[in-house]
Amino acid sequence: MLCIQGGSIYDPLNGKAGEVGDIYVSDGKIVPSSSGARVIDAKGLIVMPGGVDIHSHIAGPKVNVGRVLCPEDHRTDPVPRTATTRSGVGHVVPSTFITGHRYARMGYTYVTEAAAPPLEARHVHEELADIPIVDKGMLVLMGSNHFVLSLIRDGEFERLRDYVAFLIRASGGYGIKAVNPGGGANWRKRGNVNSLDDEAVGYGVTPREIIDALIDVNEALGLPHPLHLHCNNLGQPTSGETTLETMALAEGRRLHITHMQFGAYGPKKGRPFASSARKLAEYVNANPNITMDVGQVVFGPAVTMTADAPLQHSLHRLTKERWVSKEVEMETQSGIVPLNYRKRTYAGAIQWIAGLELFLTVENPWQISLTTDHPNGGPFTSYPWVIKLLMDRDYREETAQTVSKRALGSSELPELTREYTLEEIAIITRAGPAKTLGLANKGHLGIGADADIAVYRPNSDYEAMFREAVYVLKGGEVVVREGEILSETVGKTYVADLEEDEDIIEWLKPKFSQFYSIALENYPVARDKFMPCEVVPCPPYISD
Amino acid sequence: MAFIPEIHAILITGRTLRQGVGVADGKDSDVYKKETSLVELSSSTMEMLGLKHGDSVEISTDFGVGRFLCRKGDLPEGIIFIPYGPPANRLTRDATEGSGMPGFKGIPCKVRRRKT
Amino acid sequence: MRRLENIVCSFCGSLCDDIVLEIEGNTISKVRGGCAISRSKFLSPIDNEVPLVDGKEVDFSEALDAAVEILAKARHPLIYGLSSAGSEAQAAAVKLGETLGASIDSTSSVCHGPGTVAKQLVGLSTCTLGEVKNRADVVVFWGCNPVEAHPRHFSRYSVQAKGLNTEGGRRDRRIIVADVRRTATAKAADIFLQVEPNGDFQVLTALRAVLSGNELRGDTFGGISRDEILNTSSVLQDAEYGVFFFGMGLTMTRGTHYNVQQALSLVHDLNEKTAFTVIPMRGHGNVAGAETVLTWQTGYPFGINFSRGYPRYGPGEFTVTDLLCREEVDAALVVASDPAATLPARAGEYLGKIPTIVIDPNYSATAKFARVFLPSAPIGVAASGTAYRMDQVPLPLKKVIDSKYPTDCDILLAIDKGVVECFAYKVALSMTH
């Protein structure tokens with residue numbers, strides 16, 4: 001038994017905003033107070049639940065190709081082995097061990113891998129197993145899946161629901177991810193869908209219909225997390241309108257818009273490319289069914305990687321940078337392009353501004369999560385810098401003076417005076433994302449919660465404060481002390497608990513052998529291979 | 001003892017189905033040993049050297065020398081082919097020119113007939 | 001008799017996963033569905049070897065101790081091979097390499113390594129083999145010979161295979177083969193480009209020039225006539241969905257990664273006009289996995305050195321042929337590979353001059369002069385694991401019979417443990433003096 005004694009506790013879910021108290025830990029859980037505990041003195045320190053990342057790219061085929069692609073970046077950040085930790089490389093796309101270390105050092109204890117193709121899910125899990133300390137979950141790509149699109153076209157809702165459940169189960173997934181829905185079908189002919197009502201060629205369905213159906217399926221399956229959506233038209237100068245329309249089509253149903261910043265542009269003050277964050281924030285403020293994460297851009301090198309293959313091809317054309325693209329049979333596609341966000345360029349500054357405007361104008365912190373869409377907007381190790389920008393208005397204004405003047409002039413950022421409180425930071429980095437992910441035992445410090453705890457030393461430089469935790473407990477074990485990794489513990493992988501359904505396998509069998517290049521029997525990832533995993537219950541189907 | 005005539009050629013090494021079977025069977029298997037000590041020559045090269053199927057030839061490069069039994073292959077004139085294996089490796093270029101990759105293909109060589 | 005279906009054959013990079021095995025007792029008695037190589041692989045008897053130290057039979061643990069001693073004493077050991085091991089063993093090899101401060105390299109450096117370097121320069125537009133089966137109407141085989149090296153590639157994926165948009169199979173496809181030799185693969189081609197030795201870069205450059213609207217000056221390019229270049233380029237552009245497979249004919253000839261860079265750039269160019277992808281025709285069953293695992297653990301795909309305690313990348317520097325020919329390493333651990341039979345002779349022979357340890361299910365050419373030979377359970381037969389197909393699709397390898405020997409993964413972990421104990425003892429010893 002352990003007691004974290006005398007710290008200022010920030011536990012927003014349980015209504016604690018800095019009150020001094022003790023947290024007791026036993027068998028990996030938070031427990032009621034008792035005697036005889038070993039004491040960790042936290043007087044004068046800040047105690048929060050472990051950080052929860054709702055959207056990041058840390059494992060799997062495209063992340064790994066991103067690593068292959070950037071030896072010149074790894075070379076800037078070698079990490080030697082120590083008596084207790086493995087070696088590797090860091091910076092923009094860190095190797096697996098270093099990914100675990102660096103999340104843990106910042107006080108993060110749960111990370112969502114946001115995009116896995118089912119056919120390559122085994123690869124994702126092999127990498128997740130090599131990311132130490134933190135717990136993980138994986139979202140399964142479905143927005144351009146052949147069978148998903150075909151079943152929507154045929155109006156076969158129940159079969160669609162069962163097929164989606166099969167995909168999540170077979171992949172060892174946690175939830176549904178859709179990226180530029182329908183776009184992948186057209187990318188096969190090097191085209192795209194450019195609005196919610198464009199047709200996916202060969203299927204006769206539109207992004208609107210795909211999103212609508214996947215929201216319904218998500219709710220019918222009772223998945224813990226809402227549909228996790230990367231909107232159509234992302235990155236385009238008019239993306240803001242599409243994002244607005246997309247949110248509207250949810251009509252009150254739960255929907256998570258990921259890295260909204262990349263879809264928050266529109267013309268303004270005579271400029272064709274500017275931030276439309278304010279409009280989107282107003283919609284979010286009026287519609288509690290919507291949650292979102294930001295995808296903040298950070299200046300410096302990044303590697304963009306997404307299932308939005310047409311977007312990546314256009315980025316390659318624009319920058320002439322290295323371009324990796326991959327089509328995965330029947331399921332999805334992806335693109336990878338290294339990038340450097342420069343503060344002096346108009347476009348780079350607009351993206352940075354749009355992210356900050358979202359942070360500062362979305363009013364309810366429970367609806368918004370901090371992400372950089374790692375490594376798309378920049379590495380996750382920049383979260384402390386983003387926190388500083390949010391908490392320290394002077395620093396933010398100083399930094400704004402260093403970016404493109406034209407971009408700043410077209411924005412509302414200079415008028416936004418809001419400063420985040422520590423409590424609000426605790427919400428957007430742990431309590432909120434945990435709630436949106438449906439992780440009942442994460443993101444708070446109530447009795448029965450996982451003993452995933454971060455202890456920080458207060459510092460007026462918030463970046464320094466959040467860069468290295470004083471203590472991190474994962475599952476009740478002290479894994480970080482003064483920013484040092486003490487132990488490379490094994491994190492769990494969270495999977496959604498969906499029932500096995502024989503009928504859908506019978507239906508799939510003949511089609512699978514016709515169109516796939518592997519046998520159906522070799523498709524599902526055996527759960528035991530990636531133990532320990534945590535099975536998260538889904539409420540029973542909602543019947544009509 | 002006249003080892004004539006001698007010709008200059010380009011050596012390519014590569015995989016064959018029987019070599020693959022040999023790898024699966026084991027490096028000591030007959031199929032592997034036999035396949036990796038063969039050289040394929042074009043029919044015109046064989047004629048020029050006065051060779052028939054199964055005759056022995058000596059092949060030399062800047063890196064080594066070896067003896068091989070010849071068989072006819074569908075090759076352009078001036079190119080010879082030897083399946084991957086230890087005998088071929090005596091002839092390939094071991095310098096990688098900073099790439100990590102030795103020269104397994106496109107190596108200048110000399111082929112001459114051995115007295116049988 | 002047991003009958004097992006959908007078994008993966010891990011011999012070559014095609015990883016056919018439709019093999020049917022019949023097993024009597026602890027012996028595979030029948031193989032259905034596989035190619036000639038696959039039949040040989042599954043029907044080869046296992047556990048035929050014994051642990052050896054200096055050519056003498058010893059207990060397994062004695063051989064293990066000898067291996068630990070060699071590696072713990074070495075100043076710069078090399079770990080090499082890995083392409084016929086499962087991803088778990090590959091990860092264990094990285095761990096050991098890190099403990100030892102070793103150089104670690106896979107057979108990639110002497111097969112598709114230059115392709116990976118080319119990818120680092122320009123990127124790669126690729127797809128899985130099911131996309132080839134479902135969509136490809138133009139298929140290029142450049143410097144590769146699947147008919148002999150990947151015998152079922154044509155029927156399962158690339159030529160006769162029938163899928164979503166290719167119900168006609170072979171009839172729906174145009175096949176282009178570029179090679180120096182008129183190989184068995186070339187004989188199946190609609191267009192055969194007989195390239196001069198070392199002429200690939202020229203041919204690819206001419207194709208790129210035509211595609212970007214330039215006029216060709218000259219009559220032949222790397223042995224290919226102007227007309228053939230023009231004709232080929234129009235077939236490529238007219239593809240609905242084209243796929244370009246390349247092999248050692250590009251990576252092993254003069255120019256190595258520059259050849260591949262030109263091929264990858266050609267495919268980039270084609271994507272301005274139509275959909276086109278490229279897939280390296282990987283040889284060994286899990287050589288793709290070796291690059292994959294090394295990359296996620298270290299950031300780099302092959303040619304890695306741990307002497308500073310962190311991974312450094314150096315093709316040409318930390319790659320096997322260079323380390324051996326320059327005589328830079330003083331011990332070697334060879335895992336599931338046979339460098340004495342596959343590297344240039346000088347490199348192979350150096351392995352006989354230093355203490356070499358071989359972990360392999362079969363007694364290999366390298367094992368003949370190795371100081372220590374540790375037989376292991378063959379992966380995909382008597383050991384389970386994961387292998388990555390040439391298109392990076394991961395597949396499960398199953399254990400179907402029992403071996404009396406441990407897996408290569410377990411052997412590597414045991415060596416690592418032994419070495420860690422040795423080092424700890426050394427430290428303790430130095431503190432008492």
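Below, chain A is the first sequence line, B the second, and so on; all start at residue 1.
- One N or O on the side chain of A:Asn522 and one on the backbone of C:Asn6 form a donor-acceptor pair closer than 3.5 Å.
- Proximity to chain A is absent for every atom of C:Phe302, based on heavy atoms less than 4.5 angstrom apart.
- With no hydrogens or angles considered, no side-chain donor-acceptor pair links A:Glu329 and C:Asn134 at under 3.5 Å.
- Taking the side chain as every heavy atom from C-beta outward, A:Glu521 and C:Asp17 never approach each other to under 4.5 Å.
- Between chain A and the residues C:Arg308, C:Glu5, C:Lys119, C:Arg389, the largest count of heavy-atom pairs under 4.5 Å involves C:Arg389.
- C:Ser87 and A:Glu126 form a side-chain donor-acceptor contact under 3.5 Å, judged by distance and modelled atom types alone.
- Interface residue A:Asp130: only side-chain heavy atoms are found under 4.5 Å from chain C.
- Heavy atoms closer than 4.5 Å to chain A are found in the side chain of C:Arg135, but not in its backbone.
- Only the backbone of A:Ser513 comes within contact range of chain C, with heavy atoms under 4.5 Å apart.
- Residue-environment remark: CD (C:Glu272) exceeds the threshold of 12 foreign heavy atoms within 6.0 Å.
- Both the backbone and the side chain of C:Thr295 come within less than 4.5 Å of a heavy atom in chain A.
- Only the side chain of A:Arg317 comes within less than 4.5 Å of a heavy atom in chain C; its backbone stays farther off.
- Using a 4.5 Å cut-off between heavy atoms, C:Lys133 contacts chain A through its side chain alone, with no backbone atom that close.
- Applying a 4.5 Å heavy-atom cutoff, the residues of residues 264-271 of chain C that approach chain A are C:His268, C:Asn271.
- Residues C:Thr128 and A:Lys326 are in side-chain contact: their nearest non-hydrogen atoms beyond the backbone lie under 4.5 Å apart.
- For C:Val132, no part lies near chain A; criterion is any non-hydrogen pair under 4.5 Å.
- Formation of a donor-acceptor pair under 3.5 Å by the A:Glu327 side chain with backbone atoms of C:Glu131 is not found in this model.
- Residue A:Phe515 touches chain C through both its backbone and its side chain, counting heavy-atom pairs closer than 4.5 Å.
- Between C:Gln120 and A:Val68, some side-chain heavy-atom pair lies under the 4.5 Å cut-off.
- With respect to A:Lys189 and C:Glu240, a salt bridge is recorded, a charged nitrogen being found less than 4.0 Å from a carboxylate O.
- C:Leu121 touches chain A through its backbone: at least one of N, CA, C or O sits under 4.5 Å from a heavy atom, while the side chain does not.
- Residue C:Lys273: no heavy atom, backbone or side chain, is found under 4.5 Å from chain A.
- Counting heavy-atom pairs closer than 4.5 Å to chain C, the top residue among A:Ile336, A:Ile98, A:Val328 is A:Val328.
- Proximity of A:Arg122 to C:Pro396: side-chain heavy atoms (C-beta onward) are separated by under 4.5 Å at one or more points.
- Contact of C:Thr292 with chain A is made through backbone and side chain together, with heavy-atom distances under 4.5 Å.
- The side-chain heavy atoms of A:Pro61 and C:Gln392, taken from C-beta on, include no pair separated by under 4.5 Å.
- Annotation: C:Tyr313 is not in aromatic contact with A:His74 [ring centroid separation under 6.0 Å not met].
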